[in-house]
Visitor: 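This structure is in structure tokens; I'll ask about it shortly.
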Amino acid sequence: YDHKKGGRFSLSDFDIGRPLGRGKFGSVYLARLKNPEYIVALKILFKSQLQSARVEHQLRREIEIQAHLKHPHVLRMHTYFWDEKKIYLVLEYAEHGELFRQLQDRGRLSEGRTAEYIYQMADALSYCHKKNVIHRDIKPENILIGSDGELKLSDFGWSVHAPSKRRATLCGTLDYLPPEMVNGKPHGEHVDIWALGVLTYELLVGKPPFECDDESRTKRRINKGVIEFPRYISNEARDLITRLLKKKPEERLPLEEVMVHPWIVKNLEKRK
Ligand SMILES: Nc1ncnc(NCCc2cnc(NC(=O)Nc3cccc(C(F)(F)F)c3)s2)c1Br
């Protein structure tokens with residue numbers, strides 16, 4: 001199709017639809033490329049906000065990383081463009097929105113559904129880690145749901161190439177951070193495996209395992225690593241979560257073993 005020579009898009013190439021969500025640095029809109037007609041999610045960022053937060057390098061890294069990621073359980077970034085004041089990320093549209101919303105609506109998810117979701121995220125993370133990319137910000141808000149109910153790992157705004165001693169000024173929830181990051185130590189891809197354990201727990205229980213009303217107590221609980229399971233959590237689920245939430249990064253269950261863990265296999269069989 002005859003889009004602009006040099007391949008660059010501009011806002012006039014799109015019809016803008018309803019807002020899909022509001023982020024810290026800008027909003028996401030449903031949008032349709034006019035020619036050919038193609039539905040996307042358009043994240044619109046203000047250069048001024050990125051500059052004052054000094055995160056332009058982070059966005060550049062995300063764009064670079066996303067350009068090389070193509071996987072059914074990783075939300076695609078098709079392209080990006082900019083004008084005088086804004087930067088536009090042209091993203092794959094996830095029809096069923098954020099996993100966070102589904103968890104809020106349902107309170108907590110069944111073991112069958114959770115096992116399927118964790119299998120898909122382990123698959124996505126295994127793919128990213130093979131490309132030396134660690135996501136570093138896995139949480140229900142950053143996981144979207146596609147048209148067939150499949151999960152899409154999204155928002156690589158905090159991702160880096162492993163290993164990283166980057167002492168990024170972390171903001172947002174500490175709940176998903178492993179001991180090594182909470183203590184500002186060098187960290188590798190094992191941080192995503194820890195976060196997968198927190199995610200498994202949160203989907204089954206409805207809240208993360210070390211949640212506290214203040215950060216210092218959360219940090220203490222993350223470092224202590226004691227996990228309380230409600231009675232209704234099966235032994236196999238407890239086994240997987242315990243093997244993911246190991247304090248020592250190298251002791252955490254490798255992703256390939258997560259995908260064949262008895263709890264995953266048993267629940268995937270049942271849902272066929
Ligand atoms: N239904 C939906 N279907 C598709 N997408 C949806 N929402 C957008 C999900 C995203 C994917 N990728 C993202 N990336 C960033 O936001 N990056 C970003 C933003 C600011 C600053 C920075 C940085 F500069 F700090 F790195 C990096 S947001 C929804 Br709701």
Side-chain angles (χ1 to χ4, degrees), residues 9 14-33 38-83 85-105 117 120-121 124-125 127-128 131 133-161 164 166-173 176-177 181 192 195 199:
F9 286 104
F14 297 87
D15 290 318
I16 306 297
R18 70 179 177 88
L20 293 173
R22 300 208 182 305
K24 205 165 35 161
F25 291 91
S27 298
V28 193
Y29 297 88
L30 188 59
R32 181 180 56 201
L33 185 66
Y38 189 84
I39 297 290
V40 296
L42 197 63
K43 176 127 189 188
I44 303 180
L45 304 167
F46 290 90
K47 287 183 185 176
S48 57
Q49 286 184 10
L50 295 170
Q51 276 149 7
S52 53
R54 293 207 298 283
V55 289
E56 308 100 300
H57 68 286
Q58 238 175 275
L59 182 61
R60 256 192 288 280
R61 189 182 329 123
E62 172 182 8
I63 291 169
E64 167 57 28
I65 283 174
Q66 272 273 32
H68 298 92
L69 298 180
K70 290 178 182 53
H71 188 275
H73 296 306
V74 174
L75 194 85
R76 284 291 307 284
M77 183 185 292
H78 295 303
T79 186
Y80 69 104
F81 57 92
W82 62 90
D83 58 25
K85 293 192 181 327
K86 297 172 194 159
I87 296 175
Y88 305 85
L89 306 180
V90 182
L91 301 159
E92 171 186 0
Y93 170 53
E95 200 174 307
H96 295 294
E98 290 183 1
L99 177 60
F100 174 77
R101 176 70 193 281
Q102 183 182 105
L103 187 57
Q104 250 186 351
D105 293 351
Y117 283 172
Q120 293 175 8
M121 288 298 93
L125 286 171
Y127 170 80
C128 292
K131 288 180 170 276
V133 171
I134 38 181
H135 185 279
R136 294 203 319 170
D137 196 15
I138 293 159
K139 55 188 177 186
E141 296 86 327
N142 287 342
I143 297 171
L144 301 177
I145 305 174
S147 52
D148 299 332
E150 78 281 16
L151 294 194
K152 306 260 179 188
L153 182 56
S154 120
D155 194 340
F156 286 72
W158 280 94
S159 60
V160 287
H161 279 104
S164 155
R166 202 172 311 283
R167 281 191 39 80
T169 47
L170 295 165
C171 53
T173 171
Y176 276 74
L177 295 186
M181 275 182 90
D192 287 341
L199 180 70

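What you are looking at is a predicted structure, and each value in this text was computed from that prediction instead of being measured. Read the numbers this way: they start at 1 and go in the same order the structure lists the ligands and their atoms.
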Visitor: Is the side chain of H71 donor-acceptor paired with the backbone N or O of K152 at a distance under 3.5 Å, no angle test?
Guide: no

Visitor: When you pair each N or O of ligand 1 with protein N or O atoms, which pairs come out under 3.5 Å?
Guide:
residue, atom, partner, partner atom, Å
ligand 1, 1 (N), A94, O, 2.9
ligand 1, 3 (N), A94, N, 3.0
ligand 1, 14 (N), E62, OE2, 2.8
ligand 1, 16 (O), K43, NZ, 3.1
ligand 1, 17 (N), E62, OE1, 2.7
ligand 1, 17 (N), E62, OE2, 3.4

Visitor: For the residue pair Y38 and H78, does the interplanar ring angle fall in the parallel (under 30°), tilted (30 to 60°) or perpendicular (over 60°) class?
Guide: perpendicular

Visitor: Would you indicate whether the side-chain heavy atoms of L125 and I138 approach each other to under 4.5 Å?
Guide: yes

Visitor: Do side-chain atoms of K70 reach the backbone of A67 as a donor and acceptor pair under 3.5 angstrom?
Guide: yes

Visitor: Is it the case that atom CZ in R76 sees more than 12 heavy atoms from other parts of the structure closer than 6.0 Å?
Guide: yes

Visitor: Would you call K139-D137 a salt bridge at under 4.0 Å N-O?
Guide: yes

